[in-house]
Amino acid sequence: MLMALSNHVTVPTISLSLILLLATFIPTDSKLQLGEPLETSMTLYIQDYSYGPNATLIPITGVSSDGDWAFHKFGTIFCTDDPITEALDASSTPVGRAQGIYVTSALDGSNTHVLISLVFTNEQYKGSTLEIQGASPQFERVREVSVVSGTGKFRFARGYATFETVHLDMAAAYSVIECNITMLHYLNLN
């Protein structure tokens, strides 16, 4: 069917019912590829070095005029690339990297907004990622944030993660954060 427009222009039109009819015959096999979601829980240890020659967390903005960090100052942004290990000890088996940013997002400095990618490098999960996001009350013993997505073996992940500082050495600017993750996800069968 053709539809005439002004100045002798004709445009073909397709009826909505024809589009709907064609859409019903387009096969989708996403359920066949994904299957049922799996529930996975894991505990990881984030090794955080706040300053010095091997710093894995640095401030981008919000540093005071005397050069001290202002982690409790509204608007401070940190960039991180922390090693992740299987156990509390920094020399335990490496699992991956925690890469992303933290933003002190509460006026009183009590909350940090976390945007972190857990990038797995170990044999079991190599190439897979988990995306973690949320408001983290930084003065609480245990902080809970969301697992909002994932790739590879954690395709379409959703769930939650808790962060707890289990070791803190202020003099060495070194801390270890225990990260407990519970999520639903699909296996990447490709």
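Counting from 1, the numbers follow the sequence of the chain as shown. Here the structure is a predicted model, which is why all the values come from computation and not from measurement.
- A distance of 12.0 Å separates OG in Ser110 from NE2 in His72, rounded to the nearest 0.5 Å.
- Take His113 and apply the ring-ring contact (aromatic ring centres under 6.0 Å, His included) test, not counting sequence neighbours, and it matches no residue.
- Contacts of Ser149 classified as side chain to side chain contact (heavy atoms under 4.5 Å, CB included), with partners at least two apart in sequence or in another chain: Glu131.
- The minimum heavy-atom distance between Tyr186 and Arg158, with the atom names listed, is CE1-NH1, 4.4 Å.
- The aromatic rings of Phe154 and His185 sit perpendicular to each other, their planes meeting at more than 60°, with 30° as the lower class boundary.
- Residues that satisfy the side chain to side chain contact (heavy atoms under 4.5 Å, CB included) test with Pro94, not counting sequence neighbours, are absent from this structure.
- In this structure, NZ on Lys126 lies 12.5 Å from NZ on Lys153, to the nearest 0.5 angstrom.
- With sequence neighbours excluded, the residues that form a side chain to side chain contact (heavy atoms under 4.5 Å, CB included) with Thr104 are Thr76, Phe78, Thr112, Gln138.
- Put simply, CG on Asn122 and CD1 on Ile84 are 9.5 Å apart, with the number rounded to the nearest 0.5 Å.
- Residues meeting the side chain to side chain contact (heavy atoms under 4.5 Å, CB included) test with Asn180, sequence neighbours left out: Thr43, Thr162, Glu178.
- Across every non-hydrogen atom of Ala161 and Ile132, the tightest pair is CB-CD1, 4.1 Å.
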Would Phe120 and Leu44 count as a side chain to side chain contact (heavy atoms under 4.5 Å, CB included) here? Give the steps.
CA-CA 11 Å; Phe120 291 89; Leu44 307 169; 4.1 Å; yes
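- A single hydrophobic cluster is not seen to contain both Phe156 and Val148; linkage of ILVMFWY side chains at heavy-atom distances under 4.5 Å, directly or through other members, places them apart.
- Contact between Phe163 and Cys179 at its shortest, heavy atoms only, is CE2-SG, 3.5 Å.
- Heavy atoms only, all atoms of each residue included: Thr182 and Ser41 are closest at OG1-OG, 3.5 Å.
- Between Ser136 and Val114, the shortest heavy-atom distance links the atoms CB-CG2, 3.6 Å.
- Side-chain atoms of Gln47 never come within 3.5 Å of backbone atoms of Ile177 as a donor-acceptor pair (strictly under, hydrogens ignored).
- Distance check: Met183 CE to Leu130 CG gives 4.5 Å after rounding to the nearest 0.5 Å.
- Residue Leu107 shares its hydrophobic cluster (ILVMFWY side chains chained together at separations under 4.5 Å) with Phe74.
- Taking every heavy atom of both residues into account, Thr85 and Ser92 meet most closely at CB-OG, 3.2 Å.
- Counting only residues at least two apart or on different chains, the salt bridge (charged side-chain N to carboxylate O under 4.0 Å, His left out) pairs with a member in residues 97-115 are Asp81-Arg97.
- By the 6.0 Å contact criterion, OH on Tyr160 is open, its count of non-hydrogen atoms from other residues, nucleotides or ligands being 12 or less.
- A search for salt bridge (charged side-chain N to carboxylate O under 4.0 Å, His left out) contacts involving Glu164 returns Arg141, not counting sequence neighbours.
- Residues passing the salt bridge (charged side-chain N to carboxylate O under 4.0 Å, His left out) test with Arg143, sequence neighbours excluded: none.
- Side-chain atoms of Thr56 and Asp82 include a donor-acceptor pair closer than 3.5 Å.
- Taking a 4.5 Å side-chain heavy-atom cut-off between Ile, Leu, Val, Met, Phe, Trp and Tyr, the cluster of Val142 contains only that residue.
- In this structure, Met170 shares a hydrophobic cluster with Leu168, the cluster being traced through Ile, Leu, Val, Met, Phe, Trp and Tyr side chains under 4.5 angstrom apart.
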Take Leu118 and Ile181 through the test side chain to side chain contact (heavy atoms under 4.5 Å, CB included) and record every step on the way to the result.
CA-CA 11 Å; Leu118 301 184; Ile181 301 168; 3.6 Å; yes
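- Considering SG of Cys79 and CG of Leu57, their distance stands at 8.5 Å, rounded to 0.5 Å.
- Rounding to the nearest 0.5 angstrom, the gap separating the CD1 atom in Ile46 from the OG1 atom in Thr165 is 9.5 Å.
- Under the rule for a salt bridge (charged side-chain N to carboxylate O under 4.0 Å, His left out), Asp89 has no partner lying at least two apart in sequence or in another chain.
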